[in-house]
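Source: prediction; values computed, not measured.
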Amino acid sequence: MTGAIDIATIWAFIIAFAVFIYVVMDGFDLGLGILFPLFPNKSDRDLIMNSVAPVWDGNETWLVLGGGGMMAAFPLAYAVLMPALYTPVIAMLIGLIFRGVAFEFRWRTTQSERNRWDLAFAGGSLLATLAQGIALGAILQGIHVEGRHYAGGWWDWLTPFSILTGAALVVGYALLGATWLVMKTEGELRDRAYRLSWLLLFGMLGAIGAVSIATPFLHVQYAQRWFTWPNIILTAPVPIAVAAVTVMLLRSLAGRQDYWPFFLSLVLFALSYAGLGISMYPYIVPQSITIWQAASPQTSQLFMLFGVAVLVPLVLGYTAWAYWVFRGKVKPESGYH
């Protein structure tokens, strides 16, 4: 039994890691699409697209690993969560499809048609981000489970809290996109990205505060996890770290640094993600199903673990190599397309 618990825990961390890497790598990509309408000039939009063109299409690999890993390692959780989240998941996939198609086709059309693909790119990015945030909020607020089945309604995912988490993720991804532009561009485009980063940082802090205040009221277990003794000793470092990183991020923006705003924004996401993990653990379906209750047979998890042990380092290595090759500022005259 101990071995089964250990492997289930390992798989829970693998899936959490895959989802977080997806958020890190695709977050700024989606954020660029969200910010696209704020940069109406064709030259600016071309530069924005070229800044992410070499790396954007591999980001969904981690989303596939997270979803596929859950289906294989925690089939009960997958069977419960998917019916509860059909609508936001389908909306997310539609948004990602529109964004991906627009990314390629806008370079192969006339200017008037390109504007339509630009709209598809921005709209798809916004839709995908909203759907991801709403799905997260729906999971946090709890899924109605009876026995081993989803017992809720079609619209249970749509609540004020899920709308709040959806809007919060839009602001957060937009901040990642703005700080990415600070790191990758120069001149007027970079200056505008700096100004947007200031506004979006305060927006993200407000969103983090709003979600943090609302979450303990969803379930008494959340409040107990964060505010009862001695749990508070273990959870207090997270908000303290958020405050410290915020000060560092403000200083990096005030000093007009190129790289630190982006990486510190990623740290803010990591801390927020850690806070979600603290709230949910050990449940994979909050307040209903733990990771051990949802786990597939130990032999199945162990078999898949060998494959992941080979696959994940290879993907990480290739991804790191791609980012290293295309490091530095993007020049208007050296476009990827």
Side-chain angles (χ1 to χ4, degrees), residues 12 15-31 34 59-60 62-67 69-70 74 77-78 80-96 125-145 150 152 155-176 203-204 206-219 221-222 225-226 238 242 266 268-281 283-289 291 294:
I15 293 172
F17 174 77
V19 173
F20 176 69
I21 294 297
Y22 169 77
V23 169
V24 167
M25 292 187 175
D26 211 33
F28 68 84
D29 185 0
L30 290 167
I34 294 169
N59 296 332
E60 279 77 19
W62 299 101
L63 188 62
V64 173
L65 176 59
M70 177 173 287
F74 302 103
Y78 187 87
V80 169
L81 290 174
M82 283 304 296
L85 302 175
Y86 272 144
T87 302
V89 168
I90 291 172
M92 178 190 71
L93 294 176
I94 291 173
L96 292 176
S125 299
L126 180 61
L127 177 62
T129 304
L130 268 175
Q132 290 175 17
I134 288 173
L136 172 63
I139 292 173
L140 275 176
Q141 70 190 10
I143 305 295
H144 186 196
V145 179
Y150 172 63
W155 296 101
D156 283 10
W157 55 270
L158 187 61
T159 65
F161 181 76
S162 67
I163 296 298
L164 172 63
T165 55
L169 196 62
V170 168
V171 175
Y173 279 1
L175 175 63
L176 289 180
M204 183 176 178
I208 291 174
V211 173
S212 299
I213 292 172
T215 300
F217 292 97
L218 297 175
H219 295 285
Q221 290 88 343
Y222 292 157
R225 178 65 59 86
W226 281 93
V238 175
V242 168
L266 292 181
L268 273 184
F269 262 85
L271 291 171
S272 301
Y273 195 72
L276 294 176
I278 290 171
S279 297
M280 291 179 58
Y281 186 82
Y283 290 96
I284 195 167
V285 179
Q287 317 311 319
S288 298
I289 302 173
I291 58 176

Specify the closest pair of heavy atoms between [X] and [Y], including all atoms of both residues, with the distance to one decimal.
| X | Y | answer |
| --- | --- | --- |
| Ile208 | Ser272 | CD1-OG, 3.6 Å |
| Thr215 | Ser279 | CG2-OG, 4.5 Å |
| Val171 | Met204 | CG1-N, 3.4 Å |
| Ala128 | Leu96 | CB-CD2, 3.9 Å |
| Trp157 | Ile134 | CE3-CG2, 3.4 Å |
| Gln132 | Leu169 | CB-CD2, 3.7 Å |

Would you indicate whether the side-chain heavy atoms of [Y] and [X] approach each other to under 4.5 Å?
| X | Y | value |
| --- | --- | --- |
| Tyr281 | Ile291 | yes |
| Leu93 | Ile90 | no |
| Leu136 | Leu276 | yes |
| Ile143 | Val80 | yes |
| Met70 | Ile284 | yes |
| Ile278 | Val238 | yes |
| Ile289 | Phe74 | no |

Let me confirm one number: the [atom1]-[atom2] distance from [X] to [Y], rounded to the nearest 0.5 Å.
| X | Y | atom1 | atom2 | answer |
| --- | --- | --- | --- | --- |
| Ile15 | Leu65 | CD1 | CG | 8.0 Å |
| Met280 | Ile139 | CE | CD1 | 6.0 Å |
| Met25 | Leu266 | CE | CG | 10.0 Å |
| Phe20 | Trp62 | CZ | CH2 | 12.0 Å |

Q | Test log, rule side-chain contact (heavy atoms from CB on, under 4.5 Å), inputs Thr165 and Gln141 | A | CA-CA 11 Å; Thr165 55; Gln141 70 190 10; over 6 Å; no
(Q) By the definition side chain to side chain contact (heavy atoms under 4.5 Å, CB included), identify the one residue from Val23, Leu130, Asp29 that meets it with Tyr173. (A) Val23
Q | Side-chain donor or acceptor of Tyr273 paired with backbone N/O of Ala16 under 3.5 Å | A | yes
